[in-house]
Peer 1: 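Below are the structure tokens for one structure; questions will follow.
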2 protein chains.
Amino acid sequence: MIHDSDRSAPSETTPHSHDHAPRRTTVGPAALARAAGLFRAAGDPARLRLLEILSQGELCVSEVAALTGDDLSAISQRLRILRAEHLVARRREGKHVFYALADSHVADLLRAVLAHASEPAAPHADGD
Amino acid sequence: MIHDSDRSAPSETTPHSHDHAPRRTTVGPAALARAAGLFRAAGDPARLRLLEILSQGELCVSEVAALTGDDLSAISQRLRILRAEHLVARRREGKHVFYALADSHVADLLRAVLAHASEPAAPHADGD
DNA sequence: TATACACTTGAAGAGTTTTGCAAGTGTTAG
DNA sequence: CTAACACTTGCAAAACTCTTCAAGTGTATA
């Protein structure tokens, strides 16, 4: 049996609340699912590169295709997935369709993860 | 007809008539790949919930299992994926193995995405 | 040492996703 | 109206991922 005498027991006693929900199982199942979908959409090298490219400015599909060297269909397909998660916004102008990051939150998230990924491995004292 | 301030509408066969900054990779390709892996690891509801749980404090596998009601194996498997992307850190103490978020960057990223996902749909002027 | 406990790992099956090509939609020019 | 251009979507094959169960590793205790 587990004896919690080892250390500060990680008991779920959260005495830092009076009228706010103290024991929220999660931040909200729906929000969690949306967040997971968002991460999953961004969790692909090709799509993440697309986001990174768009973070530098609005571009139309042809321009993106020219930049990455990929097929129009492939770009469009990826953009569709990104758009489904509201990561990018679409704007039509004449024959061209311009894409850009949906909002600054996306750019922020992008910056955060790229910064984290750019850093060398975090220091680990033991077992890694 | 397109309005006055047409952003150099690329109506010709060569749509690269823009005069914006150069478009090379701002982050290294390796960083991009790491970031994608990180997103992909977090892009699963079960794993994201794990991260959210751990953001509240360090826990051992049994405790997590008790909280989520999942099998030890399942938890361990997910934790492994999270650990492979350096999202969580492991610490052994006797028979127990404690997990926690790898660093504050992860907690930050988590907060950012959950905040974004918690918001209602962003207002869209047109095309949605 | 042997046993129980806590966790980890391997492997197979099910389910989901990515990809490439071809056909389809919307828009402007003639 | 027809043609060309820019992009989007459907479909089927291939690739990948998640879950589950059984067996394996490491640690503490009798």
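As the structure is a prediction and not an experimental result, all values here were calculated from the model. Below, chains carry the letters A, B, ... as their sequence lines are ordered, and counting in each starts from 1. Note that these values count all heavy atoms, side chains included, but never hydrogens, waters or copies made by symmetry.
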Peer 1: Rounded to whole angstroms, how far apart are CD1 on I81(A) and P on dG10(D)?
Peer 2: 13 Å
Peer 1: Round to the nearest Å and state the distance from R91(A) atom CZ to dA6(D) atom C1'.
Peer 2: 15 Å
Peer 1: dT19(D) P sits how many Å from I75(B) CD1, rounded?
Peer 2: 10 Å
Peer 1: My understanding is that only residues two or more places apart in sequence, or in another chain, count here; which of them pass side-chain hydrogen bond (donor to acceptor under 3.5 Å, both in side chains) with D108(B)?
Peer 2: none
Peer 1: Measure from CZ on R90(B) to P on dT25(D) and round the result to the nearest Å.
Peer 2: 15 Å
Peer 1: Would you mind reporting whether D44(A) and I81(A) have side-chain heavy atoms less than 4.5 Å apart?
Peer 2: no
Peer 1: Y99(A) has an atom OH; how far is it from atom C1' of dA6(D), in whole Å?
Peer 2: 11 Å
Peer 1: Between R92(B) and K95(B), what is the shortest heavy-atom contact and its length?
Peer 2: NH2-O, 4.1 Å
Peer 1: So if I define the base as every atom that isn't primed, P, OP1 or OP2, how would nucleotides 20-25 of chain C read as a B/S/- string at a heavy-atom cutoff under 4.0 Å?
Peer 2: BBB---
Peer 1: To the nearest Å, give me how far apart CZ (R80(A)) and C1' (dT18(C)) are.
Peer 2: 12 Å
Peer 1: For L79(B) and dA6(C), give me the distance from atom CG to atom C1', rounded to whole Å.
Peer 2: 13 Å
Peer 1: Return the minimal non-hydrogen interatomic distance between R40(A) and G43(B), and the atom names on each side.
Peer 2: CB-O, 3.5 Å
Peer 1: Go through residues 40-47 of chain A and report each residue with a non-hydrogen atom lying under 4.0 Å from DNA chain D, sorted by number.
Peer 2: none
Peer 1: Starting from C1' on dT19(C), measure out to CG on L72(A) and report it in whole angstrom.
Peer 2: 15 Å
Peer 1: Can you see which heavy atom on A31(B) is nearest to which on A117(A), and at what distance?
Peer 2: O-CB, 3.4 Å
Peer 1: Would you name the heavy atoms of L48(A) and A42(A) that are closest together and state the gap between them?
Peer 2: CB-O, 3.6 Å
Peer 1: Which residue, L54(B), V106(B), L51(B), forms the side chain to side chain contact (heavy atoms under 4.5 Å, CB included) with L82(B)?
Peer 2: L51(B)
Peer 1: Side chain of K95(A) only, heavy atoms from C-beta on: which candidate in dT8(D), dT8(C), dT28(C) is closest?
Peer 2: dT28(C)
Peer 1: Do R78(A) and D70(A) sit within salt-bridge range, that is, some charged N less than 4.0 Å from a carboxylate O?
Peer 2: yes
Peer 1: Is it the case that more than 12 heavy atoms not belonging to R47(A) sit under 6.0 Å from its CZ atom?
Peer 2: yes
